[in-house]
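Since we're looking at a predicted model, the values are computed, not measured. Letters A, B, ... are given to chains in the order of the sequence lines, protein chains preceding strands, and every chain is numbered from 1.
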Amino acid sequence: MFCHCGKKAVIETRIGPLCKEHFVEFFESCVFDTFDNFELISNAKNIGVAVSGGKDSTVTLYLTQKYVENKNLNIEIEALCIDEGIKGYREYTINDLKRVCSDLKVPLRIVSFKQEFNYTLDESLKKINTKSCRLCGIFRRYLLNKYSKDYDVILTGHNLDDEAQSFLMNIFNANTDLIARQGPITGVISSSGFTTRAKPLFWCREKEVFVYSLIKGFNLRFVECPYASSSFREVARTFLNELELEDINVKYNLINYLLRILPDLKKAYANGEIKRCKICGEPSSQEICRACYYKKQLA
Amino acid sequence: MKVFLEKEGKYLDVEFKGKTVPDLLKQLNLNPQEVVVVKNDEIVLGDEPMSEQDDVKILSVISGG
Ligand SMILES: [Zn+2]
Ligand SMILES: [Zn+2]
C-alpha cells in the first residue's frame with residue numbers, strides 16, 4: 001500500500017494511505033486544527049495536561065507544547081499525574097512519564113491516592129467492597145476536579161475512539177445528560193465548579209495516536225492495568241472497530257452527528273442549579289458525593 | 001514463522017498459511033484497527049509480503065490512557 005507521494009504507507013487514514021512524513025503532517029495538522037477550531041486554549045495563561053505515561057496523554061503533552069511554541073503563546077504548561085498506587089502498573093508508567101517530561105522540559109506534578117486518601121487503590125479495595133474500576137474512577141475524578149482548579153484549562157488525552165465509545169455507551173444507557181457533557185470542550189456549566197476540560201486528540205483515531213507515538217519514538221512500554229477487565233467499553237470498542245473495517249469514516253460520522261445535536265443538548269441541560277457535596281463542595285447529584293462517601297468508609 | 005505478540009508478551013510459532021499482512025492478522029484473528037505490524041523494524045500494512053525469515057512483531061494499539 002502506497003502514499004500519494006509513492007512511498008510505502010505506514011497507516012490508512014480517512015484521506016487515504018500515508019507514508020511516515022505525510023502521516024506526521026496529517027496528524028499534527030489534525031490536532032492543531034482542533035486547537036484552533038474549538039479554541040481549546042484561547043485566553044488560557046496556564047494549562048494542565050492530565051498525563052499517565054500512556055500514548056494518548058504523552059502525545060497530547062508533546063503536541064500542546066509544540067502548538068504553544070509554534071504560535072508563540074505566552075502559556076505555562078504543567079503535567080498533572082494521578083498516581084492511584086496500582087502495583088505492577090503505575091510505577092512503570094510513572095517512570096516513562098518522568099523521562100518524557102524531562103525530555104520536554106515540562107514540570108511534572110504527581111498527586112497520589114496515598115497522600116490524599118491515606119490508602120493506595122490496592123489498599124482501598126481491601127476495605128471497600130466495590131468494583132476496582134468504579135472506585136478508581138470516582139477517586140480519580142475527585143482529584144482531577146480538585147487539582148484542575150489550579151489551571152485555566154485542563155487538557156486530556158481522549159481520542160476519537162474514546163469519544164465514540166462513550167457516545168455509544170451513553171446512548172445504550174439512555175444517559176442524555178452525560179452526552180450533553182461530551183465534545184471537544186466539556187462541562188455544560190462553564191462558570192463555577194468546573195475548570196474547562198479540552199481534548200486536543202478529539203479527531204484522532206486511537207491507531208493514529210499509537211502510530212504517531214511510535215514514529216516519534218516516545219518509547220512507551222506496553223503495560224496493562226492489572227484491574228482491567230472486560231467491560232461494556234470493550235464491547236463498544238470491538239463493535240466500532242469491526243464497523244470501521246467496512247468504512248473508515250464510521251467514528252467520524254458518529255462524532256459529527258454528536259456535534260450536530262450537542263448545542264441543543266447543552267442548552268437543554270444548561271439551566272438547573274448545580275448541587276454541591278456538603279463535605280467537599282464539589283458538584284454532586286447527591287448530598288454527599290461518592291468520593292466523600294468512600295473516603296468516610298476508609299477513615 | 002516466529003511472531004512476537006506484544007499484548008501477550010511472548011513469541012508465537014505460527015504456521016503461516018498466507019502471503020500478506022492481512023492474511024497473518026486474519027489467521028491470528030486480530031482486527032487490523034487494533035494492532036500495528038512491524039516487519040524488520042518497519043511498520044507494514046496491506047499487501048506487504050511476509051515470509052518465514054522476517055522478524056515480525058505485532059504491537060497492540062490499545063493500552064490504558
Ligand atoms: Zn507520502
Ligand atoms: Zn464530596
Enquirer: Among B:G9, B:G46, B:P32, which residue forms the greatest number of heavy-atom pairs with chain A at distances under 4.5 Å?
Expert: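 If we count pairs closer than 4.5 Å to chain A, B:P32 comes out on top.
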
Enquirer: Any idea which heavy atoms bring A:F210 and B:L59 closest together, and the distance?
Expert: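 Answer, listing the atom of A:F210 first, then B:L59: CZ-CB, 3.7 Å.
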
Enquirer: Measure B:E6 against the heavy atoms of chain A and call it side chain, backbone, both or neither at under 4.5 Å.
Expert: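 It is both, since atoms from each part get that close.
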
Enquirer: Just how far is it from atom CD1 of B:I62 to atom NZ of A:K55, taken to the nearest 0.5 Å?
Expert: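 One gets 7.5 Å once the value is rounded to the nearest 0.5 Å.
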
Enquirer: Count the heavy atoms of every other residue, nucleotide or ligand shown that sit under 6.0 Å from NZ of A:K20, and state whether that count exceeds 12.
Expert: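 No.
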
Enquirer: Other residues, nucleotides and ligands only: do more than 12 of their heavy atoms fall within 6.0 Å of NZ on B:K39?
Expert: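 More than 12 heavy atoms, drawn from other residues, nucleotides or ligands, come within 6.0 Å of this atom.
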
Enquirer: Knowing that exactly one of A:E242, A:E12, A:R205 qualifies, which makes a side chain to side chain contact (heavy atoms under 4.5 Å, CB included) with B:Q33?
Expert: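 Exactly one pass, corresponding to A:R205.
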
Enquirer: I'd like to check the salt bridge (charged side-chain N to carboxylate O under 4.0 Å, His left out) partners of B:E8; sequence neighbours left out, ordered by chain and number.
Expert: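 Checked B:E8 against salt bridge (charged side-chain N to carboxylate O under 4.0 Å, His left out); matches are B:K10.
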
Enquirer: Might you point out which heavy atoms bring B:V36 and A:V211 nearest each other, and give the distance in Å?
Expert: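 For B:V36 and A:V211, the tightest heavy-atom pair comes out as CG2-CG2, 3.7 Å.
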
Enquirer: Can you tell me which portion of A:L214 sits under 4.5 Å from chain B's heavy atoms? Options are side chain, backbone, both or neither.
Expert: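 Contact with chain B involves the side chain of A:L214 alone.
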
Enquirer: Do B:E34 and A:R237 pass the salt bridge (charged side-chain N to carboxylate O under 4.0 Å, His left out) test, and can you show the C-alpha distance, the side-chain angles, and the key distance before you say yes or no?
Expert: CA-CA 10 Å; B:E34 299 181 354; A:R237 162 181 291 145; 5.5 Å; no

Enquirer: Is there a side chain to side chain contact (heavy atoms under 4.5 Å, CB included) between B:E48 and A:M1 once you walk through the steps?
Expert: CA-CA 7 Å; B:E48 181 80 16; A:M1 208 169 283; over 6 Å; no

Enquirer: Could you look at B:V21 and say if it's the side chain, the backbone, both or neither that has a heavy atom under 4.5 Å from chain A?
Expert: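 When you check distances to chain A, no heavy atom of B:V21 falls under 4.5 Å.
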
Enquirer: Just so I understand: if I count every heavy-atom pair under 4.5 Å between each of A:L245, A:I11, A:D161 and chain B, which residue has the most?
Expert: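 Max contact count across the listed options: A:L245.
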
Enquirer: Apply side chain to side chain contact (heavy atoms under 4.5 Å, CB included) to A:D83 and list each qualifying residue two or more places apart in sequence or on a separate chain.
Expert: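 A:D83 satisfies side chain to side chain contact (heavy atoms under 4.5 Å, CB included) with A:R90, A:I94, A:I110, A:S112 only.
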
Enquirer: Check for a donor-acceptor pair, side chain of B:N31 on one end and backbone N or O of A:N241 on the other, with a separation under 3.5 Å.
Expert: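 Checking the backbone N and O of A:N241 against the side chain of B:N31, a donor-acceptor pair under 3.5 Å is found.
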
Enquirer: Inspect the contact between A:K8 and B:E42 and indicate whether a charged nitrogen and a carboxylate oxygen are less than 4.0 angstrom apart.
Expert: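 Salt bridge: no.
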
